[in-house]
Amino acid sequence: MPSISQLPLATPEPKTLDIHGTQLYDDYAWLRDKGSPRVTEYLEAENAYTSAAMQGTEALQGALYEEILSHIKEDDVSVPYRDGAWEYLTRTEKGLQYPRFRRRSAEGPGEEQTILDVNALAAGQPFMSVGVLGISPDGKLLAYTTDNTGFRQYRLAIKNLETNETLTDTAERVGSISWAADSATLFYTTEDEQTKRQDRLWRHSLGSTADTLVFEEKDERFNIGVGRTLDRRYLMLECGSHTTSESWFLDAAKPEGTFTLIAPRVDDEEYSVEHREGFFYLRTNHEAEQFKLVRTPVNDPGREHWQEILPEHADAPLEDFDLFQSFLVASYRERGLPVLRVFALDASGLLTTSNDIRFPDPAYTAFGEINRDFTTTTFRYAYQSLVRPASVFAYDVATQQSTLLKQQEVPGGFDASQYASERLWFSATDGVQVPISLVYRRDRFHKDGSSPLYVYGYGSYGYALPLGFSASRLALLDRGVVIAYAHIRGGGELGDPWHDAGKMMSKRNTFTDFIDATEFLLAEGYGDRKRVAIEGGSAGGLLMGAVTNMRPDLFRAVLSHVPFVDVMNTMLDASLPLTVAEYEEWGNPNEPEAFAYMRSYSPYDNLAAGAYPAMLVKTSLNDSQVMYWEPAKYVAKLRTLKTNDTPLLLHINMDAGHGGASGRYDYLKEIAFDFAFLLKELGLVEEKS
């Protein structure tokens, strides 16, 4: 480690907030002054300190980067999908950071046309992200959005694909987009400048400089989005909070018309919509905790006309559905894992026979892939697991057979048979059964408590951890690391009840589940108690901060990405992006009971003097979801409290946002940096077979 004289110590400037008869203390609120010289100086000092602390790992970082890159096919192409008269595909090319979006005629061989080259957009930019792409129904125009800072502030552009000319039509702070049937009218949503909430829907006519405001959402809990039904008949306006939603529809052939409400919002009720031959099909939790499927006539769609066509399954939440002319695919979770159930439709549009698409691995991810053809008789789906690379299949509804269209090639000598995955369940402290998925290399693992153990967690927003294949993860597995994914409460693996059991006034279950998961794995011989590393990001960074405060003795190393650690100050500031909408996930600290509960686990507010694990905390200056100052304040405060000499490192990407670097090679270098830190702390710098 660098000498103590190199420590970037932030000057404390005490600030006190009196609330609910108590006081909140914040010595580092001044770090919120983005762009001020002393804040910039401090952040740069932290980066310099981290670089100094990582000296000696440069060769390892380089080796890890080359190793990871060796398992990635740099020249690659996606499986084409048909949309109208064209097939669309994405190409990556060796040496280029970003993809090229291309198309070709669907009617036979022909030259490919580049419709958008992200490398060209990124020229001279430190960051580039494409938000959404929308092809006009006649195939002649491409609407797309880009962000060149990482702040998720997207600008709309429209390109003529026949002339390659970019039109003058544009808009700022755009979220979702959707073309009307005339290919001359574009609907788009925009965000509020302060809170970044998508709150307005606009109608734009090509060539016009004065767009029409169609809808404005006043409730600060709600965001809006616009899209189209798969059959292209209707434009859909969706309004949703974390717990409640409603939808409005408009005939896509009548863009000057007025959107019609399907059913008014009811607190804690959600529904999502598709259309087929005069009926809306809705996935909803109206009188169904784990969701069911109903349909209702377009000409009178209110709740009183909802007809149940697929009942709720208490032990298998209905996550999504895909509706086509002759069949429907329902996406369930059984014991936390996806099942795709294909139903034939009779002449009236009701469900008849069904068949399940099931999968061979004990821990995996599966979902409907890009399907743009409403009249198709095949269903495209994606599948991958912890040991099986990403694949795309076409399922023939008539024969009930799946055909592999492509499996991701993994060069560099990858042999799937060398790796194994498992799905385990353990009893949490309160007796609830919690799943864990894990993967390891067979010849490097012995179930005797000798393996380095890496545990990943999230546990918020009802988000189910995807259990996909990772080429970069091989660098850890090949060095003997056992990697586990803890499906803790607050996530979505077991439906809404699983989410509800780890949010609001039950949030502590998320943290105790993660600690219990780690203890279980150690007790069962999956890891060495002295070599446990953990990782989480965003809300998973909150998890990292909370469990480290609760059990600093349990972990050797902590990797925390863009961590939500300053819970109280952020949730008490309604001017920040996301705050008001987040009351439905964390609680409203303006209410005394919620305030007391949130304060009991907020990582920043519960730091105390003592020994802490080695920690690498990462953030980005332009993060709009978890502001950079949260991890910066957290590290600054912890520096004054930790009593041991383990590394405490803060790295700030000064040119990115919530997801880190945007270029694929730059992103791999970030992973190599993270892995070098973990391997160093786990004592595995020289270990690889």
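No hydrogens, no waters, no symmetry mates; every other heavy atom, side chains included, goes into these values.
A distance of 9.5 Å separates CZ in Phe595 from OG in Ser602, rounded to the nearest 0.5 Å. Here OG of Ser451 is found 9.5 Å from OH of Tyr440. Values are rounded to the nearest 0.5 Å. How far CE of Met615 is from CG of Leu648: 6.5 Å, rounded to the nearest 0.5 Å. In this structure, the separation between CD on Glu670 and CG on Asn653 is 5.5 Å, given to the nearest 0.5 Å. Between atom OG1 of residue Thr512 and atom CD of residue Glu519 there is a gap of 12.0 Å, rounded to the nearest 0.5 Å. Of the inter-residue distances, the one linking Arg508 atom CZ with Asp513 atom CG reads 13.0 Å to the nearest 0.5 angstrom.
Side chains of Met54 and Leu649 form a contact here, defined as non-hydrogen atoms less than 4.5 Å apart. Contact check for Arg473 versus Leu386: side-chain heavy atoms found under the 4.5 Å cut-off. Side-chain contact between Met571 and Leu576 is absent, with no heavy-atom pair separated by less than 4.5 Å. A 4.5 Å side-chain heavy-atom check between Met544 and Val565 finds every atom pair outside the cut-off. Taking the side chain as every heavy atom from C-beta outward, Leu679 and Leu476 approach each other to under 4.5 Å. No side-chain heavy atom of Gln384 sits under 4.5 Å from any side-chain heavy atom of Gln407. Inter-residue side-chain proximity for Pro362 and Glu422 is flagged as unmet; no heavy-atom pair is nearer than 4.5 Å. You'll find the side chain of Asp267 reaches within 4.5 Å of the side chain of Arg221, heavy atoms only.
Between Tyr458 and Tyr463, the distance from one ring center to the other falls under 6.0 angstrom. Taking the six-membered ring for Trp and the full ring otherwise, Tyr419 and Phe469 have centroids separated by 6.0 Å or more.
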Using side chain to side chain contact (heavy atoms under 4.5 Å, CB included), reason through Phe393 and Arg380 one step at a time and then give a plain yes or no.
CA-CA 6 Å; Phe393 291 86; Arg380 281 172 49 136; over 6 Å; no

Walk me through whether Ser417 and Asp415 qualify under side-chain hydrogen bond (donor to acceptor under 3.5 Å, both in side chains).
CA-CA 5 Å; Ser417 68; Asp415 178 359; 2.7 Å; yes

Residues Tyr604, Asp26; criterion side-chain hydrogen bond (donor to acceptor under 3.5 Å, both in side chains); working and verdict
CA-CA 9 Å; Tyr604 183 64; Asp26 187 2; 2.7 Å; yes

Could you go through Asp528 and Lys530, starting from their C-alpha distance and side-chain angles, then the distance that decides it, and tell me whether this counts as salt bridge (Lys or Arg N to Asp or Glu O under 4.0 Å)?
CA-CA 5 Å; Asp528 178 351; Lys530 295 180 180 180; over 6 Å; no

What verdict does the side-chain hydrogen bond (donor to acceptor under 3.5 Å, both in side chains) test give for Lys503 and Thr510, after you've listed the backbone C-alpha separation in whole Å, the side-chain angles of each residue and the deciding distance to 0.1 Å?
CA-CA 8 Å; Lys503 73 173 189 178; Thr510 303; over 6 Å; no

Start with the C-alpha distance between His561 and Glu535, add both sets of side-chain angles, then the distance that settles side chain to side chain contact (heavy atoms under 4.5 Å, CB included), and finish with yes or no.
CA-CA 8 Å; His561 291 271; Glu535 181 181 353; 3.1 Å; yes

Decide yes or no on side chain to side chain contact (heavy atoms under 4.5 Å, CB included) for Leu424 and Glu524, but give the supporting numbers first.
CA-CA 11 Å; Leu424 308 173; Glu524 292 294 311; over 6 Å; no

Please step through side chain to side chain contact (heavy atoms under 4.5 Å, CB included) for the pair Leu522 and Leu453, ending with a clear verdict.
CA-CA 9 Å; Leu522 294 173; Leu453 176 65; 4.0 Å; yes

Walk me through it: do His658 and Ser624 pass the test side-chain hydrogen bond (donor to acceptor under 3.5 Å, both in side chains)?
CA-CA 7 Å; His658 198 61; Ser624 63; over 6 Å; no

Between Asp666 and Arg664, is the salt bridge (Lys or Arg N to Asp or Glu O under 4.0 Å) condition met? List the steps.
CA-CA 5 Å; Asp666 292 341; Arg664 60 174 178 155; over 6 Å; no

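Remark: of the listed residues Tyr597, Tyr461, Tyr601, Tyr461 is the sole one forming a ring pair (Phe, Tyr, Trp, His ring centres under 6.0 Å) with Trp586. Here the rule is side chain to side chain donor-acceptor pair (under 3.5 Å) with His242, and of Glu584, Glu582, His499, Glu585 only Glu582 fits it. Results of the salt bridge (Lys or Arg N to Asp or Glu O under 4.0 Å) test with Arg489 over Asp516, Asp430, Asp496 single out Asp430 as the only residue that passes.
Using cut-offs of 30° and 60° on the angle between ring planes, the pair Phe445 and Tyr526 is parallel. Ring geometry, Tyr456 versus Tyr485: the interplanar angle falls from 30° to 60°, so the pair is classed tilted. Note on ring orientation: taking the six-membered ring where Trp is involved, the planes of Tyr383 and Tyr364 are tilted (angle from 30° to 60°). His313 and Tyr332 have perpendicular rings, their planes meeting at more than 60° on a 0 to 90° scale where under 30° would count as parallel. In this pair, Phe426 and Phe520 present their aromatic rings parallel. The plane angle is below 30°, not in the 30 to 60° band.
By the neighbour-count criterion of 12 heavy atoms within 6.0 Å, atom CD of Glu334 is densely surrounded, having more than that number from other residues, nucleotides or ligands.
Screening residues 604-631 for salt bridge (Lys or Arg N to Asp or Glu O under 4.0 Å), with sequence neighbours left out, gives Lys618-Asp674.
A side-chain donor from one of Gln433 and Ser427 sits under 3.5 Å from a side-chain acceptor of the other. Side chains of Tyr634 and Ser560: no donor on one and acceptor on the other come within 3.5 Å.
Heavy atoms only, all atoms of each residue included: Thr284 and Glu270 are closest at OG1-O, 3.0 Å. Between His651 and Thr50, the shortest heavy-atom distance links the atoms N-OG1, 4.2 Å.
Using a distance-only test at 3.5 Å, with no hydrogens or angles considered, a donor-acceptor pair links the side chain of Thr244 to the main chain of Asp268. The main-chain N or O of Gln418 is never found under 3.5 Å from a side-chain atom of Arg441 such that the two would form a donor-acceptor pair. Within the 3.5 Å criterion, the main-chain N or O of Val387 finds a donor-acceptor partner in the side chain of Ser385. Looking only at distances, no side-chain donor or acceptor of Thr570 sits under 3.5 Å from a matching main-chain atom of Val567.
Within the cation-pi definition used here (under 6.0 Å to the ring centroid, within 45° of the axis), Arg333 does not qualify as a partner of Trp498. A cation-pi arrangement is not found for Lys637 relative to Tyr28, the charged atom failing to lie both closer than 6.0 Å to the ring centre and inside a 45° cone about the ring normal. No cation-pi contact links Arg283 to Phe321, judged by a cut-off of 6.0 Å to the six-membered ring centre and 45° from its axis.
Annotation: salt bridge (charged side-chain N to carboxylate O under 4.0 Å, His left out) contacts of Lys669 (sequence neighbours excluded): none.
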